Structures are given as C-alpha cells and as structure tokens.
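Everything quoted here is computed from the prediction, not taken from an experiment. All chains are named by letter (A, B, ...) in the order of the sequence lines, taking the proteins before the strands, and each is independently numbered beginning at 1.
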Amino acid sequence: MALDDLLHHGNIVDKNTIIKLTQLSKLSIPESDIDELSKNLDNILKLISEIDAAPTEGMEPMAHPLDFSQPLRDDISKNDINRDENQNDSSKTKDGYYTVPKILD
Amino acid sequence: MTYKSVKKTIDAIKKKDVSATELTQEYFNLIKKNDKDLNCFITLTEEKALQKAGDIDKDISKNNLKPLSGLPIAQKDIFCTKGVKTSCGSKMLDNFISPYDATVIEKLNEAGTIMLGKTNMDEFAMGSSNETSFYGPVKNPWDTDYVPGGSSGGSASAVAARIAPCSTGTDTGGSIRQPASLCGICGLKPTYGRVSRFGMIAFASSLDQAGLFTTDALDAAILLKEISGHDPKDSTSSNVDVPDYYDYCVNGKEMFTIGIPEEFVKDLNDDVKDTFYQSVKVLEKIGCKIKTINLQHTGLGVSAYQVVAPAECSSNLSRFDGVRFGHRSKNMSNLEELYRESRSEGFGKEVKRRILVGTYALSAGYYDAYYLKAQKVRNLIAQDFKNAFKEVDLILGPTTPDKAFKIGEKMNDPIAMYLSDVYTVSTNLAGLPAMSIPMGFKEGMPLGLQIIGNHFDEKNILKISHLFQKETDWHEKEPGE
C-alpha cells in the first residue's frame, strides 16, 4: 500500500492501531496517554511520509552502509560462555534455568 | 592540577610530573565538586579507579608503559563494563551489572586508561538533549538552563566542564557530534565498522557507531587508534588497516578540496551562517580549495532515519522482556504479563514511542511503504555522498541548525527534537565518518563545525581539524572563563 493511500485518512494512527501495535510490541499504554500518543505518532508518520515522493525507481534497498558479507568463523567447537557469570542475577534463575510464570497447566 | 589535553596528560604521567593516583584523585575531586550541578555521571568507580591507578604507578616505576597509561576517561553508560552497573540511562537496566566488558572498554583498559565512571545519556541512546534519561537531565556547563545535547550528553558535558579529559560516546543519528557542537568540544564518529560494537548496547545496528569526545583533534587521533580495528566478536567490524592518526595529523597532507553542500547552508539563521563562513575563510587562508556541491536527497535524511532507526530499535529492544536480565515486573501472573508489564514499567515515553513507530513500519501491509522505501532512500543518500567524494576530499557544514536549546523546550515536540539532527543523520545512513569541532559562539553558547569524510578517511578529517585548530582557539575556551 503506498504512503499517499495511507495518508488519505485524516488520522493515520487511531486507537485501534495503537492497541494492535502494543500487542505486537508487548507494551501497555494507559488509556489516559492514548490520545497524546496518537497525535505524536501521527505527526511522526507525516514527517516520515516525505520519503514517498523520493525517486527510488530501480534503486536497491540498502540494509547496510558498507559492502560487507557475513563472515563465518572456523567450525571449531568452543565453550567460552560462562553461564554462572552471565546468570549473575539470581532472582531470575534456579539451577541454571531462568524462571518464569507457569505456561502450561 | 589537571592538564589541558590528553597528550599533555599522558606525557606528564610518562615523565612522572604527576602520578596516575594523584591525577585520578584530582578528577574525582573535580567531579564531586561540579557534577551535582551537571548530572554527567550515573555511576562513579572511584575505588576501582584508584586501585588501577596504583597498579599503573607501580608499572611506570618499572618503565612498563602503555600508550595511554594513567589517562582518566569517562565511559558512556551504553558500554558493558564487567562488574559495573550498565544502565543505558534506563530503568529497564537500573539493576544490570554487566558480566563482561565491551570491546571498546577492553581496548581502552588494555591501553592503560582509568575509568572514572559511567556517564548519563538519553535512554537507550534515543534522544538529542539528554532529557529522556531515567537518572534525570544532564546540564550544559556553559549555561545549566540549557541542554548539552544527546544522546551522549553526559560524556560531552563532562569533557566540556573539564571534569574528565576525554570520554566515549555513541552516534546513531548524531549523538556524538550534536552534543559536541552544543558543548563546545570535539566529537568524532568513525566510519561504520571502524570500531567494534561488541558490548555496546544496540539501538539501531546498521547505524550505531562508537566514538570519542576530546578537547582537540590531536587527542581524538591518539584515542581513535586505540579503539579501532577488526573484532571477531563483531561481524560488522572492518578489516581495513588502522593508520597512525596522530602521525598523519602532524606529518600528513596539508591541502584539501572541501565541498559545502547547498542543502547544509540554505536554511541557516544569520548568526550560524556568519560563524560558519568565518570558519570557511580560515580554511581558505590555510590553502584549502572550497567548492559548492549538491547532496540533493539529504533533505530526506530525517524522514528515512525516523523509519530505519525505530524499525531496528523495535527489533533490538525486544530482548528486554524481563526474563534473563533487567527489570522484571512484580505485577504479573502469566508469561504475557511478565513481558508486557516488565517492558511497560522499564521503558520511558520516547523509547516506547520509537518502538511503536518501528513496529508500525515493519508490520504487515506497511513494510513496503515505509521500511523498504526508507532503505531505498538510504541508498539514494549514500549515492549522493559517493558522487560528491569524486570531486572533493571532505564535506563541510554546521553540525547543528542552532545553539543549544533550553531544558524542557522541545520535550513535548518530538518532531522539533528530531529536526535538530538534520545535518547529522545522513552521515549515519551512509556509514561515513564525521567530526564536530568548535567554531565559535552565539549568545555565549558554542557552535560546531562538522567535517565529513569518505569511508575510513578519519585521518583527513582529523588532519583538517588539527590545521583549523592551529589557526583558531575556539577549542581552548572553557565554561566560566
């Protein structure tokens, strides 16, 4: 969908969109903040919409600024991650596992 | 007693004019006296610092010297530091003690530096004023009613206030150069891939780069050599050789062709324009050839950046889920609530805003219109710079549209805040190196000159900055003088 189609709506980011975005991003926004957030996001998306007019026909997308390819290390087994050191926050661990609320009944 | 530069500091320690312990203690005295008004530091590491200083003094007595032996340094709180809190300016990581050192930290430690502490910053590097930090705003030492810039505001303010001789920062859209400009010091963002990002908490992985704050270009040259180079732990770090930047500053090329993009000057206010063109005259006087160039798509830089950066941040910040590290909510009875409440309690407003924008840009039905389109615009901007560098050695412009703004002035206007990066974001999109150096003042507040180079051409940026600083004394001005 082109940006100018999206922009034909007066308000790009309405309450339902915010609810969907918060579900996707695992955030919660208090009801009292939704109006202000909707206006902020709308303004940001209107700023972003300036790219719609850019002459990008035939242009490749650039994910990375330099011409690198993913290097691979040698296929040698290593064990240089110290679990005890990394699990220095014991309030979240038990016997080397991370504890979370029960998932399955 | 402290010294005016990194070079003078390390020379003094080498010659035993001062011990590492004496100097380190002096900086902690300065920090305790001045930082309550500035809020540059989140964590001070006095005990560890004095211990290391003592060890370095023992090494020096045996003539066992390293390149930066005894140099105190402040580290932005975005770099993981083993055994020391690493907060990223966020409640989300207020309880996080890193189990390892970032490569930048490791290299600087190995070179003999002494960490004074971790500096305040905009939360997760998202901001241009250092007002979004969980630990409160940082103040500009030139006038504490004003912002120092961001996100590396604490690092910039500390060096400007002379309570640290140098510091590290990171730059994703201008977060080294803009605070350097607003605080009247030098701020260097190297080429993407020049410095390892291992252990540098990620905001936008294709834009982030570690860099430096110093009071002059020669100091930046000395430090850049120590932090640069390939790191097998960072698959985006470059194998390009690291030159001796200091030697090049002193002995290298002297004549440059410098391009001034029309796009970087056409909207300047008169004060900034006049100061900028005074700087251009200095460069002409020392023999540089100046020409007008065109970077026709850089006007889309802020818009493209405000898609790419939030999109990447929405992905990077998904690791903060309350499970393995960082803030974990007590208000949860199931896994979904664990994630949602931990993240909602841990992140501030601006971070949430950017995550939501990024999520929107990447979501089904919008990906092509926003993210894919922004990546193509990114390529357009990169091509503009590539073409420009066929005609010129370096590109010049003001770092920021104006002097620092007042604390609170732009907090309710995210767009105004984003537009303060209008001259800096394009270099991040293109992966280019750039530096801001002091060029004058407006109403008593500093202004910065930005010099942009081609990929891995930091040496010429540093050289021209050094030549400029031989002709001017803006970089020697200190707040309160």
Side-chain angles (χ1 to χ4, degrees), chain A residues 1-6 12-13 17-18 20-30 33 36-37 40-41 43-57 59-66 68 70-73 82 84-89 91-93 98-103, chain B residues 95 97 99-100 192-193 206 232 235-236 238 297 300 302-304 306-307 314 318 321 323-325 328 332-341 343-344 347 352-353 355-357 359-361 363 365-366 368-370 372-380 382 414-415 418 429-432 455:
Chain A
M1 193 190 295
L3 272 175
D4 56 359
D5 291 333
L6 293 168
I12 306 172
V13 187
T17 307
I18 290 183
K20 185 184 166 198
L21 293 176
T22 55
Q23 284 166 348
L24 286 172
S25 55
K26 301 281 185 269
L27 290 171
S28 65
I29 307 289
D33 289 354
E36 187 199 346
L37 182 62
N40 283 164
L41 294 183
N43 288 335
I44 293 168
L45 291 174
K46 280 170 184 157
L47 169 72
I48 287 170
S49 70
E50 289 180 12
I51 61 173
D52 198 43
T56 54
E57 298 75 34
M59 210 73 198
E60 286 297 308
M62 178 185 247
H64 192 283
L66 294 170
F68 288 176
Q70 175 67 50
L72 299 174
R73 68 177 176 87
N82 185 318
D84 290 339
E85 238 177 31
N86 288 346
Q87 289 185 342
N88 57 9
D89 183 356
S91 68
K92 299 182 172 67
T93 62
Y98 290 99
T99 58
V100 294
K102 198 171 173 185
I103 301 166
Chain B
N95 66 354
I97 309 291
Y100 71 101
Y192 181 87
S206 78
S235 63
T236 61
S238 167
H297 301 105
L300 296 168
V302 173
S303 301
Q306 289 301 336
V307 177
S314 72
S318 62
D321 56 13
V323 174
R324 289 156 297 152
F325 44 77
R328 179 184 276 205
M332 48 93 181
S333 56
N334 59 52
L335 192 61
E336 175 77 18
E337 283 178 7
L338 169 65
Y339 298 151
R340 195 178 64 236
E341 297 311 313
R343 288 164 63 77
S344 303
F347 292 138
K352 285 181 198 169
R353 197 153 40 214
I355 289 173
L356 292 171
V357 169
T359 304
Y360 186 89
S363 60
Y366 299 106
D368 284 3
Y370 285 106
L372 195 62
K373 183 74 178 182
Q375 286 188 312
K376 292 180 180 181
V377 171
R378 183 176 186 175
N379 202 352
L380 272 179
I415 304 298
Y418 300 158
L429 291 166
L432 294 167
H455 294 118

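- Of the residues A/Ile48, A/Thr17, A/Leu41, the one that meets the side chain to side chain contact (heavy atoms under 4.5 Å, CB included) test with B/Tyr360 is A/Thr17.
- For A/Glu36, the part lying near chain B is the side chain, with the backbone staying farther off; criterion is any non-hydrogen pair under 4.5 Å.
- Nearest approach of A/Ala54 to B/Lys373, heavy atoms of both residues: O-NZ, 3.0 Å.
- For a residue to count as touching a neighbouring chain, one of its non-hydrogen atoms must lie under 4.5 Å from one of that chain's; by this rule B/Thr236 touches chain A with backbone and side chain alike.
- For B/Asn95, the part sitting under 4.5 Å from any heavy atom of chain A is the side chain, from C-beta outward, and nothing else.
- Proximity to chain A (any heavy atom under 4.5 Å) is restricted, for B/Ile415, to the side chain, taken from C-beta onward.
- Both the backbone and the side chain of B/Ala374 come within contact range of chain A, with heavy atoms under 4.5 Å apart.
- Across A/Arg73, A/Glu85, A/Lys20, the residue that shares the most heavy-atom pairs under 4.5 angstrom with chain B is A/Glu85.
- Within the 4.5 angstrom heavy-atom criterion, no atom of B/Glu337 approaches chain A.
- Across B/Arg328 and A/Thr99, no two heavy atoms sit closer than the pair NH2-O, 2.7 Å.
- Looking at B/Phe325, the atoms closer than 4.5 Å to chain A (heavy atoms on both sides) all sit in the backbone: N, CA, C or O.
- Here the closest non-hydrogen pair linking A/Lys26 and B/Arg343 is O-NE, 3.1 Å.
- With a threshold of 4.5 angstrom between heavy atoms, B/Leu429 approaches chain A through N, CA, C or O but not through any side-chain atom.
- Interface remark: B/Thr359 contributes backbone and side-chain atoms alike to the contact with chain A (heavy atom separation under 4.5 Å).
- Using a 4.5 Å cut-off between heavy atoms, B/Leu338 touches chain A through its side chain atoms alone.
- Interface summary for chain A: among B/Ser235, B/Gly431, B/Ser206, B/Pro232, the most heavy-atom pairs under 4.5 angstrom belong to B/Ser235.
- Heavy atoms closer than 4.5 Å to chain A are found in the side chain of B/Tyr418, but not in its backbone.
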